[in-house]
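Below is one structure, written out as structure tokens; the observations come after it.
Chain identifiers are assigned alphabetically (A, B, ...) following the order of the sequence lines, protein sequences preceding nucleic acid strands; residue numbering begins at 1 within each chain.
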Number of protein chains: 2
Amino acid sequence: MTRNVTIRDIARAAGVSISTVSRALNGQVPVAPDKRQRVLDATRRLGYEPNAAAQGLVRGRTMTVGVLTQDIASPFYSEVSRGIDAGLAGSGYQPIFVNGHWEIQDEAAAITALTRRQVDAVIVLGGRLDARQLRDLHARVPLVVVGRQVPGLDDACLSVDNVQGAFLATTHLLQLGHRRIAHVAGIPSQRDAVDRLEGYRLALAEAGVPFDPALVFEGNFNEASGIQAVEHWLGRAAHFSAVFAANDQMAYGVGLGLYRRGMRVPEDVSLVGFDDLPASQFTLPPLTTVHHPAREMGELAARHLLARLNDPGAPAELPQLPITLSVRESVRFARSP
Amino acid sequence: MTRNVTIRDIARAAGVSISTVSRALNGQVPVAPDKRQRVLDATRRLGYEPNAAAQGLVRGRTMTVGVLTQDIASPFYSEVSRGIDAGLAGSGYQPIFVNGHWEIQDEAAAITALTRRQVDAVIVLGGRLDARQLRDLHARVPLVVVGRQVPGLDDACLSVDNVQGAFLATTHLLQLGHRRIAHVAGIPSQRDAVDRLEGYRLALAEAGVPFDPALVFEGNFNEASGIQAVEHWLGRAAHFSAVFAANDQMAYGVGLGLYRRGMRVPEDVSLVGFDDLPASQFTLPPLTTVHHPAREMGELAARHLLARLNDPGAPAELPQLPITLSVRESVRFARSP
DNA sequence: CTGTTAGCGCGTTCAA
DNA sequence: TTGAACGCGCTAACAG
């Protein structure tokens, strides 16, 4: 393409030095009004845009915050990203998103890409990067980890009490009289999954309902594993009146699996999810689910980083966001046996 | 944080000049094996990462392609983005995503942000930017516009034949005996919406079914407007046996609206969507919908740009991707009247 | 094969 | 208030 117009072109066109152009544009230092005007005119006329890379090089700040997400099309992380976008709006900082694909190597490569781009801060959404790598990163740049609790990085982690959320969901079912509650768990290597299973067990224990391993199916957080769970249970004639899925996507799958077998939600089986994705308001029936404040977490992470960027001495403390249950229509009283 | 380690630190540590470091790392020019090794060692030991901004400055290429998307959490554009991500994988180019929020001003600001960052190419997903702005952009940097057909920019646009897609959907319904087919249209200022309405009308005309304006509801591409459409029709006792929604999200809303009124899909009403979002495989029932090759479009856009970046003289031609119907379970024969 | 040097575009001293 | 000059970190001639 044609060579970009640079500050020198503007200087020449306005008949001033490049430092005057710089000053007129950045507006910290006083500049004679007429010269300022000439610079502004030339800028507009030639369509000048300062080169961000050059600015970053000399200023030592690039005004970007890197966001490592796992899958740009994952509904849950998209919500967090949207929050980040909103939290950064108007701050002058720009998010740059990279994908880790839930693969340690991709994640590491993505972090490297961010580092090379000299991002001023980093937000990591989930992922498998181990604690050491994250601590190393934290040592080089302000960091917030969303959706994970990393040992030794507590004040940089923003997550929700998953045990509590699952407890809430299960208790809701229990209070409605359900006793045979099945659970579609998530990937056991992910802490969230483990915690949610834990919350489920805790709630059962508290209600004096025995835990039955046959009612737990290990899924992978995708819709398909919800279907598999139903097939699995029905194939072995397991008996249950409710299902708690470790995320909404698996709950959708459960709904479909049940439908395929001619069973209705909530008439035959009650169903509760986890995450409260926007889509869950529109499923058939609308899904009762644990509300995960994804959007808010993103926004909070962004604002927190901005605060630290503007005042490195600012106290770190990230609050833990409350988790609630969104009660909709996928749950009913258990029929008396 | 602590000052970054630079090429000079490596040079010192390895006892060579900075140009040797550069050469050893970039590996185009021959370097003595022992020196190369010393450089590599120092690099690893000090954790050196080249500053991408500085590289970009001198090379004139930043190895990034800017992606202007509208809403990072929109299921459709996420799919396209995922395709872009895949298409760029391994090329050395990195996508950087910015959001336009379907607001001309935000879009313009986002483009400016990309320009300032000296992106080597741009992909625009939808949006409201007018043809002039896009042509200006095209003049400065290789560009592909996905999901829109911009006058005067034909060889840079990648979209699908929306008329044809809607025609396919409507014809499918007609062939199954439906005569009263309602349509939830999209935002009339968006070309896709207009084209899909057009395809619907064309199909009706070809089948000799009169067009009834009372059966068209103008939605806004969100789930909620699907519900509204149903309320609207039922409120005026409109009579229909099938609904074609201009996108899947509105189709979900239609499904829910119908459910609220005690009507079942497909037993009482047949339903067809447009886009074939991943979620449509798991709705109740799985949705028959026009398959929009979103992922492929993203990938194609990326590869196309890569080709042009590597060989600016390469022929431009972007193919038009075929559009098909994904037949699932939301459609049935019309009951004889 | 290697070191020295000249910029890439910009912000920021330092003098004037 | 302004311009000249320096340097941010790096690559690419240019001499050796």
Side-chain angles (χ1 to χ4, degrees), chain A residues 1-40 42-43 46-64 92 112 115-120 140, chain B residues 1-40 42-43 46-64 92 112 115-120 140:
Chain A
M1 307 288 111
T2 58
R3 194 181 63 80
N4 267 313
V5 2
T6 78
I7 198 173
R8 235 174 294 274
D9 299 317
I10 303 302
R12 198 169 310 121
V16 298
S17 74
I18 61 168
S19 11
T20 299
V21 175
S22 174
R23 287 190 278 252
L25 259 25
N26 295 310
Q28 308 291 7
V29 187
V31 171
D34 61 318
K35 298 199 174 175
R36 168 189 305 281
Q37 196 51 52
R38 293 215 305 275
V39 168
L40 262 29
T43 297
L46 302 189
Y48 170 68
E49 298 290 353
N51 181 325
Q55 289 182 317
L57 200 56
V58 46
R59 283 185 169 145
R61 307 203 310 171
T62 53
M63 302 304 283
T64 62
T112 300
T115 310
R116 293 189 170 201
R117 286 201 153 61
Q118 310 291 118
V119 295
D120 297 325
R140 319 180 78 233
Chain B
M1 308 293 113
T2 59
R3 193 181 64 78
N4 267 313
V5 2
T6 78
I7 197 173
R8 235 173 293 271
D9 298 318
I10 304 302
R12 198 168 312 123
V16 297
S17 74
I18 61 169
S19 23
T20 298
V21 175
S22 174
R23 286 189 281 252
L25 259 25
N26 295 310
Q28 308 292 7
V29 188
V31 172
D34 60 320
K35 299 198 175 177
R36 168 189 305 281
Q37 197 50 52
R38 294 215 305 274
V39 168
L40 263 30
T43 297
L46 303 188
Y48 170 68
E49 297 291 353
N51 181 326
Q55 289 181 316
L57 200 55
V58 45
R59 284 185 169 144
R61 306 202 313 170
T62 54
M63 302 305 282
T64 62
T112 301
T115 310
R116 293 189 171 201
R117 287 204 153 60
Q118 311 290 118
V119 295
D120 297 326
R140 319 179 78 233

Would you mind telling me which residue lines up with the more 5' stretch of DNA chain C, A:L57 or B:P33, judged by nearest nucleotide? B:P33
Rounded to whole Å, the CD1-P distance (B:I18 to D:dC10) equals 9 Å
B:T43 (side chain) donor-acceptor with B:V39 (main chain) under 3.5 angstrom: yes
Just verifying a value: how many Å separate A:R117 CZ and A:T62 OG1, rounded to the nearest 0.5 Å? 10.5 Å
Using a heavy-atom cut-off of 4.0 Å across all strands, would you classify A:V21 as base, sugar-phosphate, or nothing? nothing
Among C:dG11, D:dC10, D:dT2, the one nearest any side-chain atom of A:Q55 is C:dG11
Please tell me if the side chains of B:R140 and A:N4 come closer than 4.5 Å, counting only heavy atoms from C-beta onward. yes
Side-chain contact check for B:T6: nearest option of C:dT12, C:dG9, D:dG9 is D:dG9
Does D:dT2 have OP1 or OP2 under 4.0 Å away from a side-chain N or O of A:K35? yes
Can you tell which of D:dA13, C:dT13, D:dG9 lies closest to the side chain of B:V58? D:dG9
At under 4.0 Å between heavy atoms, what does B:T20 touch on the DNA or RNA strands: base, sugar-phosphate, or nothing? sugar-phosphate
Touch class at under 4.0 angstrom, heavy-atom based, for B:S19 against every strand present: base
Of the listed nucleotides D:dC10, D:dG3, D:dT1, the one nearest the side chain of A:P30: D:dT1
Of the listed nucleotides (C:dT13, C:dG11, C:dT2), which one gets closest to any side-chain atom of A:N26? C:dG11
Quick check on DNA chain C: between B:R23 and A:A52, whose nearest nucleotide comes earlier from the 5' end? B:R23
I want to verify a distance call: between C:dT2, D:dG7, D:dT11, whose nearest atom is closest to the B:V31 side chain? C:dT2
